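Structure record follows, encoded as structure tokens.
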Protein chains: 2
Amino acid sequence: MDSVAAQDDNAALPGPCSRWPAESIGTIRQVMARAGDKWSTLVVATLQDGPLRYTDLQRAIPGISQRMLTLTLRQLQRDGLVTRTAYAEVPPRVEYALTALGTTLLGVVLSLIDWAGTHHQDIHQNQIAYDAAQAD
Amino acid sequence: MDSVAAQDDNAALPGPCSRWPAESIGTIRQVMARAGDKWSTLVVATLQDGPLRYTDLQRAIPGISQRMLTLTLRQLQRDGLVTRTAYAEVPPRVEYALTALGTTLLGVVLSLIDWAGTHHQDIHQNQIAYDAAQAD
DNA sequence: CCGTATCCTGAACGATACTG
DNA sequence: CAGTATCGTTCAGGATACGG
């Protein structure tokens with residue numbers, strides 16, 4: 001098992017003259033580590049229409065490795081964002097689903113994805129323009 | 001300078017689909033690399049009230065290194081999310097500000113931060129419960 | 001079918017030193 | 001003041017192989 005880096009830096013940082021309340025930095029960072037993680041985001045978004053099995057998730061998310069899928073699911077489960085339900089059958093079946101909390105995150109994630117779809121073309125053009133300007 | 005890895009994944013994201021259109025994965029990943037990055041997020045959020053100078057940003061964001069601040073600003077600038085304005089004065093002054101596009105991202109980012117503030121306590125409790133269950 | 005265990009590489013990041 | 005250049009480390013994450 002890899003290190004999971006679940007460190008709790010909710011404690012205040014020593015930085016008096018910050019615009020950001022120092023304690024919120026840790027909070028934001030913690031949330032970003034989950035809500036901003038590309039695999040977590042994709043898994044949450046993929047579960048939006050209902051429970052899915054491990055293999056279904058793997059097929060639904062091209063490019064994810066077994067390792068990262070398992071790791072991501074464990075994190076989400078630990079955070080209470082998804083549930084894992086194993087059915088004692090043959091062959092074995094395991095289903096993952098969003099919790100109520102996970103569903104609240106889904107809203108935010110979908111906003112992000114929506115923003116992506118709306119603006120990625122603009123961004124791409126900006127990048128081309130910027131790179132062209134640098135080439136001078 | 002670090003590699004910038006500006007890979008080109010095209011195709012628009014049409015809308016919610018039960019399975020992920022493979023071509024949208026790249027798009028999402030690209031956006032996540034910006035909108036989900038902790039430093040980018042913090043910089044954008046810090047610029048919400050108006051333009052700031054390099055040093056101000058550094059003070060406003062505890063824990064960011066010079067290197068990452070510069071790198072993050074360059075990325076955001078390249079994506080057309082922030083502007084860089086240098087005034088030919090003595091001493092030199094450079095101001096960074098959100099573009100219109102950057103402001104649209106700000107909304108999403110603030111949602112994310114809001115979600116963080118609302119639920120991080122729950123998440124923390126879930127983690128404790130999960131860890132306790134594992135300890136058996 | 002649903003994972004876990006191990007190895008390994010390259011990218012991210014911080015620290016430090018230097019410049020216009 | 002506002003960066004750039006370089007180095008060293010850490011670690012995320014892919015590939016692979018194996019177990020329940």
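Small disclaimer: the values here were computed from a predicted structure and weren't measured. Numbered from 1 within each chain, the chains take letters A, B, ... in sequence-line order.
Atom C1' of nucleotide C/dA5 and atom CG of A/L69 are separated by 17 Å, given to the nearest angstrom. Between B/L52 atom CG and D/dA2 atom C1' the separation is 15 Å, expressed in whole Å. In this structure, CD of A/E95 is placed 14 Å from P of C/dC1, rounded to the nearest angstrom. As rounded to whole Å, 10 Å separates atom P of C/dG3 from atom CD of A/Q58. The nearest whole Å value for the distance from the CG atom in B/L73 to the C1' atom in D/dT4 is 14 Å. Per the geometry, CD belonging to A/Q134 stands 10 Å off P belonging to D/dT4, to the nearest Å. Taking atom CE of residue A/M68 and atom P of nucleotide C/dA5, one finds them 16 Å apart after rounding to whole Å. The separation between A/L71 atom CG and D/dC11 atom C1' is 12 Å, rounded to whole Å.
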Identify all pairs in which a protein N or O lies below 3.5 Å from an N or O of nucleotides 15-20 of chain C, and state each distance.
none

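Legend: residues meeting side chain to side chain contact (heavy atoms under 4.5 Å, CB included) with B/A88, ordered by chain and number and at least two apart, are absent. Partners of A/R93 according to the salt bridge (Lys or Arg N to Asp or Glu O under 4.0 Å) rule, which considers only residues two or more places apart in sequence or in another chain, are A/E89, A/E95. Remark: B/A132 engages no residue in a side chain to side chain contact (heavy atoms under 4.5 Å, CB included) (not counting sequence neighbours). Partners of A/D122 by salt bridge (Lys or Arg N to Asp or Glu O under 4.0 Å), not counting sequence neighbours: none found. Under the ring pair (Phe, Tyr, Trp, His ring centres under 6.0 Å) criterion, B/W39 pairs with no residue at all, not counting sequence neighbours. Take A/D37 and apply the side chain to side chain donor-acceptor pair (under 3.5 Å) test, not counting sequence neighbours, and it matches A/S40.
Both B/T70 and A/I64 sit near DNA chain D, but only B/T70 has its closest nucleotide nearer the 5' end.
A distance of 11.5 Å separates CG of A/L101 from CG of A/L106, quoted to the nearest 0.5 Å. With rounding to the nearest 0.5 angstrom, the CD atom of B/Q121 is 11.0 Å from the CG atom of B/N126. How far OH of A/Y96 is from OG1 of A/T72: 11.0 Å, rounded to the nearest 0.5 Å.
Using a 4.0 Å cut-off, no side-chain N or O of A/R53 falls inside it from OP1 or OP2 of C/dC1. Residue B/Y54 has no polar side-chain atom (N or O) positioned under 4.0 Å from OP1 or OP2 of D/dT4. Listed pair B/T55 / D/dA2 meets the phosphate criterion, a side-chain N or O lying under 4.0 Å from OP1 or OP2.
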> Taking only Watson-Crick and G-U wobble pairs with both distances under 3.5 Å, what dot-bracket line describes DNA chain C, where [ ] shows pairs that cross earlier ones and | shows pairs with another strand?
Replying inline: |.||||||||||||||||||

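Of the candidate nucleotides C/dC2, D/dG13, D/dG3, D/dG13 has the atom lying nearest to any side-chain atom of A/D37. Here the nucleotide nearest the side chain of B/R84, chosen from C/dT4, D/dA2, C/dG14, is D/dA2.
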For residues 112-119 of chain B, dump all side-chain donor-acceptor pairs below 3.5 Å to protein atoms at least two apart in sequence or in another chain.
{"residue": "B/W115", "atom": "NE1", "partner": "A/T104", "partner atom": "OG1", "Å": "3.0"}
{"residue": "B/T118", "atom": "OG1", "partner": "B/D114", "partner atom": "O", "Å": "2.8"}

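Residue B/Y87 is out of contact with every strand shown, counting any heavy-atom pair closer than 4.0 Å.
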